[in-house]
Amino acid sequence: MKKSYDVIVVGSGVVGSSITYHLSEERNKEILSIDKDFPLSGTSGSTQAWVWVHNKTPAWYGELNMYSAELYSFLERKIGDVEYKRTGGIAPFFSEADREKALRLAEKQAEVGIKVEVLSRDEVLEKEPSLSRSIAGATYSKIDGNVNPFRLIELYIRAARKNGAKFSFYNPVMDITKENGLFKVTTQDGDYFSNQLVLAGGPWSKSLGKLLGIDVPIKQVRGQIVVTEPLRPFLSHTIGGVRQADNGEVLIGYSKEEVGYDLRSTLDIVQDTARMAIDFVPALEKVNVVRCFSGIRVMPEDGFPILGGIPGIEKGYIAAMHSGITLSPLVGTLMTELLSGGETSIDLERYSLNRFDSLQSIG
Amino acid sequence: MNTDLLIVGGGPAGLNAAYKAASNGLKTTVIDRWFTLGGQLNQQTQFYNNLPQHFENQRGYQLANYLIDRLRKLDVKILENHKMIGAYNNGSIGVTDGKSTFQVQAANVIMTTGAMEEPDIFPGWTLPGVMTAGAAQILINRERVLPGKRALILGSNNFALEVARQLNDCGVAVKGIVESRNELLSQNDELLCEVDIPVLLDSAIERAIGKGEVEKVYVNTDGIESVYDVDLICIAKGMTPIFEPFEIMSCDLTYQEKLGGWLPKYDSRFETTSPSVYIAGNAAGITNIGGILLTGEIAAASILEKSNAANSLKIEEEKKYLWGELYRIESAENPSALDARLDVIRNFHHETGIQLPVYLDSVFGGLTNG
Amino acid sequence: MHLTNHPVLGKDDRKTIQFYFNNKLLNAKEGQTIAAAIMANGIKKMGVSRKLQQSRGLFCGVGRCYSCFVTVDGLEHVLSCSTLVEEGMEVYSNLSDPDVRRGENEY
Amino acid sequence: MDKSTIVCRCEEINIDEIESAINLGARTFNDIKRLTRCGMGPCQAKCCMNLVRQIISDKTGQPLHEIRPPRMRVPLGVTRMGALAGSQASSVTSVFGESTEEGETVHEEKL
């Protein structure tokens, strides 16, 4: 394999492969994406894969998600069918007190153009008759949906390859240094050099940052998901915590635990998730649970994406965020604009690594 | 629920371990996913003539009844129809009875999860009428149901021959034992004496066809195709340890082909890499009935020793005897599996740096010298 | 076929009970599993596979392969090899899996 | 053997589909599982585990002792949702409620 590239993207998850694909579209750069494993073996392959916008706050963050969701139909025309479905999103609430909050949310989101409706119980049940009669209402927005993450990443990679980008899998990065103005990326399979470097390591961003002497303030958050046997299609919306996949399986999950990179499923959470499933959709009581899985989500310390140049490291960039599935089309686009030296369509200042007070060189 | 010792799996290894522990005063609980105790021993009608010395030689199902009756006389909590489905954050085991799920907190656990039969595949292997040899054996000896009228057996290990013979004796016409090698895997070919069961060496099942169930099977013998009108194919490819409950308990695995594939690592006390989680029976490597009983007993004795529940000198004497028996039986019936088992144990002790007990010198030495 | 006289175990003296399989009244022995009771009546097919709609029946016999699902008294996807048959039980083949699966990847 | 022979009984994945995943670069059972769904059905790879390991070994030359089984999942065996839930109430009152506290970022998407 060639040793020298214009850009090396470390990480081929949904964020890394989107950046690689979008960079490759211009066909003026030689690009290599390196992954320590096989794509989908980490966070991107263990997700409920919502493309979710409507209750992300504050509004400017909701807006970022909205722009990205809007790009999905355009993306599908370019890379193929990623099974993106704008099902509409329902976030149920169980008490009247929550209705006030819901109305405030709708008001705030309207300011940036996200249309959120606050539904009564009967309106929710009309949309989704299987939901429990004990809910009080829900927020609803047409913009939410979901995607098949396996197809998404596969097609990002296929399209990037078609445009000439190279991928190297099962190849951990062991060191990154700068030599004569070039990045030298030492991997298990040897050294690679590049002019520009993008860190898109998801939950491993912290350890990748250390190689460059920077602290990437992200946490690893475990989410456990319960999966049923395939059922006849009966849920048509993406519901906060519950959705039915194309193949009929229902995925239920809400948990967040800071336990490091530990992929075990624990019955404490699994049982609680099962209870929640029945609280939301009583008919699920009789169905078989086939498996549970855990995903390690990326959680920047303040919750918002880290996007842009790495302070103090010329031509070094980083993209680390929660909600990578929702955000990947937009992040790929913005990072391409940034690496190509142009102005980005959205000002990335707010998302810079600079914003963290704790940022300090540890090199 | 709290217990001193939880035994997951009420087959011969678990039952023997439970008896050992409970008769020495440990508060013992046995869970089994099936509606009866005894595990796969229940449908073994063959006569065992090489059991450990403290057992009378007898047929498999009789031994199962003996082990169950003996245990029921003691103060042991027995939960049939209870399945381990996972673990909690605090390390306790999650058990379901099909209606709810609860925690069992145990100072020690012995998991005797047994083994499963490996499938062997050919076009049409998913048709009804194709089943594991073990399933056919359950049908005739436990359920008293004939699984078919005319059968082929795929594979020629000991178990394949046992089941072929038992099917024959129950009135199923066994049309052939299909083996891809040029000789039988089993040495026990006296099982085929006095019966009309053809052996098809250098043979493979090319495909099975039928409407809704197996009707015809094409067998290729050295390039020549023959058609068999059978309605039953029994697959006997071999067994592999059931390790997934150990993985849930964070036990490290190792690979030993002679023991059936991937299995948990364990030491000379049959403790896994997960402290207080012990292993016995076929889960600790595919063995014979003697090995299954003895490993259960050694695991239980090790827990008694650790819990100071019995006189330590007495326990050591007992363990010496049990290991002697294990060595005697396995070296006679399955020396390569014994070799692999001792490898697993030696590697574990090598990794932890803990010395093997002196009384095992003869066992491990016996092997190196032999 | 029921094996009434076993070469080692002798006569089967278990009580005969009755159950329904696809609305047909069949005999079984008390203590048998549903799969065994169905097979004792000469039936091997318990249902069809989800994607290719191929026939499926008892395979492993010990509740690990999930090939022998049936519907029991209205509850879908019950393992026939590990559930005991009961007097009057209504059992149906597993024929109604949702045909929503694609050949493609999904989770 | 005929490449259309089923390997995974549950998801009905054949030899050809598994070999295609290996051709795409997959080297572990877990990766093949994600690409093909092989081993994701009710038996959770218990039947096809060693069949798939053998195919990986035949196709790539990796020795069997280096090919690990797939990650085993909870629950060990298919379990009714109601049996998992038991009679206790859920601790989750509303996913919505926890996500719209003032000043708190919303992380609804389970990425």
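A note on names: the letters A, B, ... follow the listed sequences, proteins ahead of strands, and every chain is numbered from 1. For the numbers below, each heavy atom of this structure counts, side chains included, while hydrogens, waters and symmetry mates do not.
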Exercise. Is the shortest heavy-atom distance from the side chain of Gln40(B) to the side chain of Val62(C) under 4.5 Å?
Worked result: yes
Seminar exercise, completed: Residues Ser55(C) and Gly212(B): closest non-hydrogen pair is OG-CA, 3.3 Å
Exercise. So which of Val214(B), Thr36(B), Val130(B) has the largest heavy-atom pair count under 4.5 angstrom toward chain C?
Worked result: Val130(B)
Under 3.5 Å, which donor-acceptor pairs link side chains of residues 1-9 of chain C to any protein atom two or more places apart or in another chain?
| residue | atom | partner | partner atom | Å |
| --- | --- | --- | --- | --- |
| His2(C) | NE2 | Gln32(C) | OE1 | 3.4 |
| His2(C) | NE2 | Gln32(C) | NE2 | 3.3 |
| His6(C) | ND1 | Val8(C) | N | 3.0 |
| His6(C) | ND1 | Leu9(C) | N | 3.0 |
| His6(C) | NE2 | Asn141(B) | OD1 | 2.7 |

Seminar exercise, completed: When the 4.5 angstrom heavy-atom criterion is applied to Lys29(C) and chain B, the contacting part is neither
Exercise. Quick one: what part of Ile235(B) sits under 4.5 Å from any heavy atom of chain C, side chain, backbone, both or neither?
Worked result: side chain
Problem set entry | Point-to-point distance, once rounded to the nearest 0.5 Å, from CD of Glu117(B) to SG of Cys65(C) | 11.0 Å
Exercise. So, do Lys44(C) and Asp231(B) sit near enough that their side-chain heavy atoms are less than 4.5 Å apart?
Worked result: yes
Problem set entry | More than 12 heavy atoms from other groups under 6.0 Å of CZ on Phe35(B) | yes
For this session: Using a cut-off of 6.0 Å, state whether more than 12 heavy atoms not belonging to Asp69(B) lie near its atom CG.
Result: yes
Exercise. Side chain, backbone, both or neither: which part of Asn81(B) has a non-hydrogen atom closer than 4.5 Å to chain C?
Worked result: neither
For this session: Name the member of Gln137(B), Arg59(B), Lys149(B), Lys211(B) that forms the most heavy-atom pairs with chain C at distances under 4.5 Å.
Result: Arg59(B)
Exercise. With side chains defined as the heavy atoms from C-beta onward, is the minimum distance between Phe59(C) and Pro128(B) less than 4.5 Å?
Worked result: no
For this session: Please flag which part of Ser82(C) lies under 4.5 Å from any non-hydrogen atom of chain B: side chain, backbone, both or neither.
Result: both
Exercise. What distance do Leu139(B) atom CG and Cys81(C) atom SG have between them, rounded to the nearest 0.5 Å?
Worked result: 10.0 Å
Problem set entry | Nearest non-hydrogen partners of Met131(B) and Leu58(C), listed with the distance | CB-O, 3.8 Å
Problem set entry | Glu190(B), CD: over 12 other non-hydrogen atoms inside 6.0 angstrom | yes
Exercise. Any Lys/Arg nitrogen of Glu244(B) or Arg64(C) sitting under 4.0 Å from an Asp/Glu carboxylate oxygen of the other?
Worked result: yes
Exercise. Can Glu143(B) and Thr33(C) be said to form a side-chain hydrogen bond (donor to acceptor under 3.5 Å, both in side chains), step by step?
Worked result: CA-CA 8 Å; Glu143(B) 304 284 3; Thr33(C) 60; 3.0 Å; yes
